[in-house]
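Heads up: the structure comes next, in structure tokens.
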Amino acid sequence: MVEPAEERVRRGTGRRLHGAIAHKLGVAILSAEYAPGDILPGEVAFAGTLGVSRSAYREAVQVLTAKGLVESRPKAGTRVLPRNRWNLLDPDVLAWAFAGEPDIKFVRGLFELRGIVEPAAAAFAAERRDRADLKVMKDCLAAMRRHTLATEAGRAADREFHATVLHATRNDALIVLSASIGAAISWTTQFKQRARDLPRNPIPDHVRVYDAIVAADAPGASAAMRTLIDLALEDTKSAMER
């Protein structure tokens, strides 16, 4: 049975609405407006304040619950969970963290994670990549040069470059990290450009990673990726100090 157009519109509007509410609450939690242990406003009060339905609020809370930010209990309300329960690698949670002023400890943690995962992934990619992987990486570099990382098109190419490195490992456990690593890269890149242009051009760093992977130089690819990440962290710390 084909769903009526009116019902599709209603469902689409509902998804957008509870997504907007989840975004508002998520940003408030990630920015410490609501701290771990705090009780969120009840659905009646929240719905009344924003003029939204109680069902939209409940659906938004379900989104936050699925991401580990809150838990709801009958008669106890919706409580913000400890930070170690949060799914900090969820792309939405990363977006909420960077919607405000992220904590330098959190940002450093993302780069430490990348420093553990990506150099090893680059080494595996150098050993296991195929021609299709190399073509995608080369095309990504061309798109990054053409669009620059100041644009969404350039940042999308950057994400795809790093995702392709992970894909080229042929390791499913690493490949599944692509969305999280890509989101972290995208948001930190945007963050560095909030008030000024990027302090330097990071594309040559990517070229060195690519060249080592092309040459099947696993130690060289690992070292090049490590340098890329270390320099990106320094750029980000510089942006946060302004």
Side-chain angles (χ1 to χ4, degrees), residues 88-89 91 94 97-98 102 104-193 198-240:
L88 290 172
L89 293 182
L94 286 169
F98 282 92
I104 183 61
K105 182 179 178 182
F106 172 63
V107 173
R108 186 180 295 113
L110 291 176
F111 278 100
E112 287 177 354
L113 172 68
R114 290 185 59 195
I116 293 168
V117 172
E118 291 193 272
F124 286 133
E127 297 170 343
R128 303 172 182 174
R129 85 290 185 277
D130 60 22
R131 291 182 179 179
D133 297 321
L134 296 179
K135 183 181 187 307
V136 173
M137 292 181 208
K138 185 176 181 179
D139 290 345
C140 288
L141 291 173
M144 290 164 67
R145 292 190 188 97
R146 182 166 62 253
H147 299 293
T148 80
L149 296 183
T151 68
E152 176 52 35
R155 290 190 294 271
D158 188 16
R159 290 194 299 272
E160 187 174 5
F161 178 89
H162 287 270
T164 304
V165 172
L166 290 171
H167 176 79
T169 67
R170 303 298 184 265
N171 180 314
D172 290 342
L174 288 171
I175 293 170
V176 79
L177 293 174
S178 297
S180 298
I181 295 291
I185 292 166
S186 183
W187 285 111
T188 51
T189 301
Q190 288 186 62
F191 179 79
K192 285 181 284 189
Q193 300 177 89
L198 285 172
R200 58 183 191 83
N201 180 9
I203 295 175
D205 304 331
H206 291 72
V207 172
R208 283 186 280 274
V209 173
Y210 170 75
D211 287 344
I213 292 175
V214 170
D217 177 4
S222 178
M225 184 65 85
R226 163 59 68 182
T227 298
L228 184 157
I229 294 167
D230 288 346
L231 291 174
L233 174 58
E234 290 305 310
D235 291 344
T236 303
K237 287 166 63 177
S238 174
M240 295 183 79

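Throughout, residue positions are numbered sequentially from 1 according to the sequence presented.
Interatomic distance, Glu112 CD to Lys105 NZ, rounded to the nearest 0.5 Å: 10.0 Å. Between Ile175 atom CD1 and Thr164 atom OG1 the span is 10.5 Å, to the nearest 0.5 Å. Atom-to-atom distance recorded for Ile203:CD1 and Leu228:CG is 11.0 Å, nearest 0.5 angstrom.
Closest approach of Met144 to Ala157, counting heavy atoms only: CG-CB, 3.7 Å. Scanning both residues, Ser222 and Ala120, for their nearest heavy atoms gives OG-N, 4.5 Å. In terms of heavy atoms, Pro202 sits closest to Leu149 at CG-CD1, 3.4 Å. Closest approach of Leu166 to Ala121, counting heavy atoms only: CD2-CB, 3.6 Å.
Under the 4.5 Å side-chain criterion, counting only non-hydrogen atoms from C-beta, Leu89 is in contact with Leu113. You'll find the side chain of Val107 stays beyond 4.5 Å of the side chain of Trp187, heavy atoms only. Between Ile229 and Pro119 the shortest side-chain heavy-atom distance falls below 4.5 Å. Side-chain atoms of Leu110 and Leu88, non-hydrogen and from C-beta on, never get closer than 4.5 Å to each other. In this structure the side chain of Phe111 reaches within 4.5 angstrom of the side chain of Thr188, judged on heavy atoms.
Not counting sequence neighbours, the partners of His206 by the ring-ring contact (aromatic ring centres under 6.0 Å, His included) test are Phe161, His162. With sequence neighbours left out, Arg114 forms a side-chain hydrogen bond (donor to acceptor under 3.5 Å, both in side chains) with Glu118. Partners of Asp139 under the side-chain hydrogen bond (donor to acceptor under 3.5 Å, both in side chains) rule, at least two apart in sequence or in another chain, are Lys135.
Listed by first and then second residue, the side chain to side chain donor-acceptor pair (under 3.5 Å) pairs that reach into residues 145-157 are Glu152-Arg159, sequence neighbours excluded. Sorted by first and then second residue, the side chain to side chain donor-acceptor pair (under 3.5 Å) pairs involving residues 170-184 (not counting sequence neighbours) are Asp130-Arg170, Asp133-Arg170.
Judged by distance alone, with hydrogens and angles left aside, the side-chain atoms of Ser186 form no donor-acceptor pair with the main-chain N or O of Gly182 at under 3.5 Å. Listed for the Arg128 side chain is a donor-acceptor partner under 3.5 Å among the backbone atoms of Thr169.
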Side chains of residues 207-218: which donor-acceptor pairs under 3.5 Å do they make with residues two or more places apart or in other chains?
unit_1	atom_1	unit_2	atom_2	d
Arg208	NH2	Asp205	OD1	2.6
Asp217	OD1	Gly220	N	2.9

